[in-house]
Amino acid sequence: MSSPTTLFDKVWRAHEVHRSDSGQSLLWIDRHFVHEGSFHAFNKLGERQLPVARPDLTFGIADHYVPTQARDVELVADPKVRSMIEQLSHNTQQHGVTLFGLSDPRQGIVHVLGPEQGLTQPGMVMVCGDSHTATHGAFGSIAFGIGASEVAHVLATQTLWQSKPKVMRITVEGQLAEGITAKDIALTWIARLGADGARGYAIEYAGEAIRALSMEARLTLCNLSIEGGGRCGMIAPDQTTFDYLRSRPWSPKGEAFEQACAYWSTLYSDPDASFDLEVTLQASEIAPTVTWGVSPEEALPIDHAVPDPEQLSDPAKARQARDSLAYMGLTAGQKLTDITINRVFIGSCTNARIEDLRAAAAVLAGHKSRVPGMVSPGSTLVKTQAEAEGLDRIFIDAGLEWRHSGCSMCVGMNGDLVASGERCASTTNRNFKGRQGPGARTHLMSPAMVAAAAVTGHLADVRQLPVTSLTQLGVRS
Amino acid sequence: MKPMTVVTSLGVALPAANVDTDQLIPARFMKEPRSVGYGQFLLYDLRHDAQGEPKADFILHHPEAGKAEVMVSRRNFGAGSSREAAVYALVDDGFRCVVAPSFGDIFASNAVNNGLLPAVVTEEDAEQLLAALGSTPGAITVDLEALTVSVGAVSVPFTLSPVWRTKLLNGWDDIDMTRQHTDAIATFAHQYAEQFPWSAPFPPDAALIGKG
């Protein structure tokens, strides 16, 4: 009998083409997603006059720079932005790579589209030139972000050199209370371990609370692995995973699907498998959590107050808190619920799937947002579904803009920006200085919490607001 | 890439933790072709005020800073976005080494792929180096053979994965290295496709396009 093995090791071993004397592994790549930002890599390939080794395993997605007001590339005013979208079309066409382009009815953010289309499957190794590629690990695959040189390497060889990371398991025991989401789990562990707490590790999420999560919620949790420094995040596939994948457009069909399920069922950490680090959280201790600073580790339960640097014993932490408070325009000791906002954003690869939009709509239904804001669905198919369910009307009636799908205001590359000095309650993944625009101030939280902030005009505890049952509203879900 | 052994140059101190890649190069500059030179975008929003005027007291605007090839910073340098443009900004501004207590994983890989050394020191040693450099560029030596960083009388060890050290010492490029394994890759791909036949994409019927 072989020794007990982790989920991570099982998948890693199945992809080792070669191991060098120095211990690096050359890994086979099952899926490679490229986007507009991958132009550097295509240029590197061009300089060497190399073809794409496996165009059939490579998929192009227009998301980072796409306009969210219209779907016509001709209407993009900034010629440099337009050129980014056009270069992706040109590069994918030249190399025979399938493109989910701007006007494709399946277009969406790569980390929403991949799972939705059934391109993401358990047991795979998947890469993309985007740090949130960890998202796809929700299916039990090893998925991670890479830089342009590595993108060029994968394009040229369909393989990648990697040093095997250590493996940590984050177990969440018990059941999450009503109103607590995957976003809250993520911000809680990142606040506890630090934004580099999982640096050098692959993370496996396990435990009763994780098993109970929907695929959408698992995607949110794995998506945020990188914000705690993790190389990737993964969850063992189970019936929830298989049910999600059955009859997706690119899933295996017929007997191949049954064969795949039989193999996927073997992808779990053996009971006695050992991890380099084990972390356990109690689900009952997780509250709706928001960030107050400029790193995802600067997060607290909503009923807390902004830290007072004078009270922090660690001088490094005190120095960082002082700097964060200055950038965020906050006062030491201020209650989080006293922080007024200027804008909301519901979108991104983290929290713009259909369940996220439903959760936000349930809070917003029948209310006006006190601040302007926009909703950008994670994919065009999510947008279509939300419209079929009537969610778009709830957002529009609340006074929010209902936009097309793209990375949008999470990163602002397409021009959807938060103005300097403005404070935005956001469902996104990074509260870094300037992330949503120069001088912009970002507070990260779950979709329902963003909706609560919209309704009240300040950071608010969604558990203290009335949440409308969408079925009562006649929403067709 | 140019092989690296010893860097003897000027060093600049950037005494901040979590200098993420969004700060190293704000997203709005990333649609530029590399040929424009990314050095001008390095830490753009930190070194300019709200009106876009250069902050005279920022270390990179010191008259000597243009000659600096080493940056010393605090923990979690290069965290966040996988944008290799963050490394391009450092390299195009003349940097060959960043010294910090920890780096974002993807940033560190990107750095090595572009001949930029991510040298890991302890928190205490980082503070010593920051203090030794102070607020002006100062002489610094990074020795990749001996794995040491020295500023004046302060000399501290740094760590780096042996694989990356070999790559930097030789100036090796991954694509060239992988080409030695072309046959092994072809054999693997064949066996893999037989063992996991469902892993090949099943393109959808035309009728399914547009369904999620």
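Atom set for the values below is all heavy atoms of this structure, side chains included, hydrogens, waters and symmetry mates excluded. Sequence lines set the chain letters: A, B, ... in the order given, protein chains first and strands last, and positions in each chain run from 1.
- Between B:Ser81 and A:Arg430, some side-chain heavy-atom pair lies under the 4.5 Å cut-off.
- Taking all atoms of both residues into account, the shortest heavy-atom contact from B:Lys31 to A:Asp78 is CE-OD2, 3.6 Å.
- Using a 4.5 Å cut-off between heavy atoms, A:Phe257 does not touch chain B at all.
- Both the backbone and the side chain of B:Pro203 come within contact range of chain A, judged by heavy atoms closer than 4.5 Å.
- Comment: A:Glu297 engages B:Arg75 in a salt bridge, judged by a side-chain N to carboxylate O separation of less than 4.0 angstrom.
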Side-chain donor-acceptor pairs of residues 190-197 of chain B under 3.5 Å, sequence neighbours excluded:
unit_1   : atom_1 : unit_2  : atom_2 : d
B:Tyr192 : OH     : A:His15 : NE2    : 2.9
B:Tyr192 : OH     : A:Asp30 : OD1    : 2.6
B:Tyr192 : OH     : A:Asp30 : OD2    : 3.2

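- When heavy atoms are compared at a cutoff of 4.5 Å, B:Asn18 approaches chain A solely by way of its side chain, counted from C-beta outward.
- Residue A:Ser83 does not touch chain B at all, counting heavy-atom pairs closer than 4.5 Å.
- Only the side chain of A:Gln121 comes within contact range of chain B, judged by heavy atoms closer than 4.5 Å.
- We find that B:Asp45 and A:Arg435 are not joined by a salt bridge, their nearest charged nitrogen and carboxylate oxygen being 4.0 Å or further apart.
- Neither the backbone nor the side chain of A:Ala41 comes within contact range of chain B; no heavy atom of the residue lies under 4.5 Å from a heavy atom of that chain.
- For chain B, the nearby part of A:Phe59 is the side chain; its heavy atoms alone come within less than 4.5 Å.
- Under 4.0 Å is where a charged nitrogen must lie from a carboxylate oxygen, and between B:Asp176 and A:Arg48 at least one such pair does.
- Looking only at distances, no side-chain donor or acceptor of A:Gln320 sits under 3.5 Å from a matching main-chain atom of B:Ala17.
- Summarising the geometry of A:Pro249 relative to B:Pro204, their closest heavy-atom pair is O-CB, 3.4 Å, with the distance given to 0.1 Å.
- Neither the backbone nor the side chain of A:Ser420 comes within contact range of chain B, judged by heavy atoms closer than 4.5 Å.
- Top candidate by heavy-atom pairs under 4.5 Å with chain A, chosen from B:Ala184, B:Ala27, B:Ser102, is B:Ser102.
- Note on B:Pro162, B:Gly80, B:Pro26: by heavy-atom pairs under 4.5 Å with chain A, the leading option is B:Gly80.
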message: As a quick check of understanding, evaluate side chain to side chain contact (heavy atoms under 4.5 Å, CB included) for B:Ile185 and A:Leu26, giving each step before the final call.
response: CA-CA 9 Å; B:Ile185 295 170; A:Leu26 186 63; 4.0 Å; yes
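- Between A:Lys433 and B:Asp22 there is no salt bridge, since no side-chain N of the basic residue sits under 4.0 Å from a carboxylate O of the acidic one.
- For A:Thr159, the part sitting under 4.5 Å from any heavy atom of chain B is the side chain, from C-beta outward, and nothing else.
- Options B:Asn113, B:Asp174, B:Asn76, B:Asn114 differ in how many heavy-atom pairs under 4.5 Å they form with chain A, and the most are formed by B:Asn76.
- In this structure, chain B has heavy atoms under 4.5 Å from both the backbone and the side chain of A:Trp250.
- Note: B:Trp198 CH2 to A:Ser251 OG = 14.0 Å, rounded to the nearest 0.5 Å.
- Residues A:Arg199 and B:Phe103 fail the side-chain proximity criterion, which asks for heavy atoms closer than 4.5 Å.
- Here the side chains of A:Arg319 and B:Arg74 are in contact, with some heavy-atom distance below 4.5 Å.
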task: Would you check, one step at a time, whether the test side chain to side chain contact (heavy atoms under 4.5 Å, CB included) holds for B:Asn110 with A:Glu150?
output: CA-CA 8 Å; B:Asn110 292 343; A:Glu150 292 172 316; 3.9 Å; yes
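- Heavy atoms only, all atoms of each residue included: B:Ala79 and A:Phe432 are closest at O-CE1, 4.3 Å.
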- prompt: Yes or no on side chain to side chain contact (heavy atoms under 4.5 Å, CB included) for B:Arg28 and A:Met413, after CA distance, side-chain angles and deciding distance?
  reply: CA-CA 6 Å; B:Arg28 62 186 183 280; A:Met413 289 179 180; over 6 Å; no
Full working for side chain to side chain contact (heavy atoms under 4.5 Å, CB included) between A:Leu50 and B:Ile175: CA-CA 11 Å; A:Leu50 291 171; B:Ile175 294 182; 4.2 Å; yes
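- Looking at A:Ile146, only its backbone comes within 4.5 Å of chain B, counting heavy atoms on both sides.
- With no hydrogens or angles considered, a side-chain donor-acceptor pair links B:Glu84 and A:Ser149 at under 3.5 Å.
- For chain B, the nearby parts of A:Val81 are the backbone and the side chain; heavy atoms of each come within less than 4.5 Å.
- B:Asp105 and A:Gly229 get closest at one heavy-atom pair: OD2-O, 4.0 Å.
- Within the 4.5 angstrom heavy-atom criterion, no atom of A:Leu113 approaches chain B.
- For A:Asp314, the side-chain hydrogen bond (donor to acceptor under 3.5 Å, both in side chains) test picks out no residue, with sequence neighbours left out.
- Only the backbone of B:Ala200 comes within less than 4.5 Å of a heavy atom in chain A; its side chain stays farther off.
- Between B:Phe188 atom CZ and A:Leu27 atom CG the span is 8.5 Å, to the nearest 0.5 Å.
- Contact count against chain B (heavy-atom pairs under 4.5 Å) is highest for A:Gly200 among A:Gly37, A:Gly200, A:Gly434, A:Gly412.
- Between chain A and the options B:Thr187, B:Asp173, B:Thr166, heavy-atom pairs under 4.5 Å are most frequent for B:Asp173.
- Using cut-offs of 30° and 60° on the angle between ring planes, the pair A:His18 and B:His181 is tilted.
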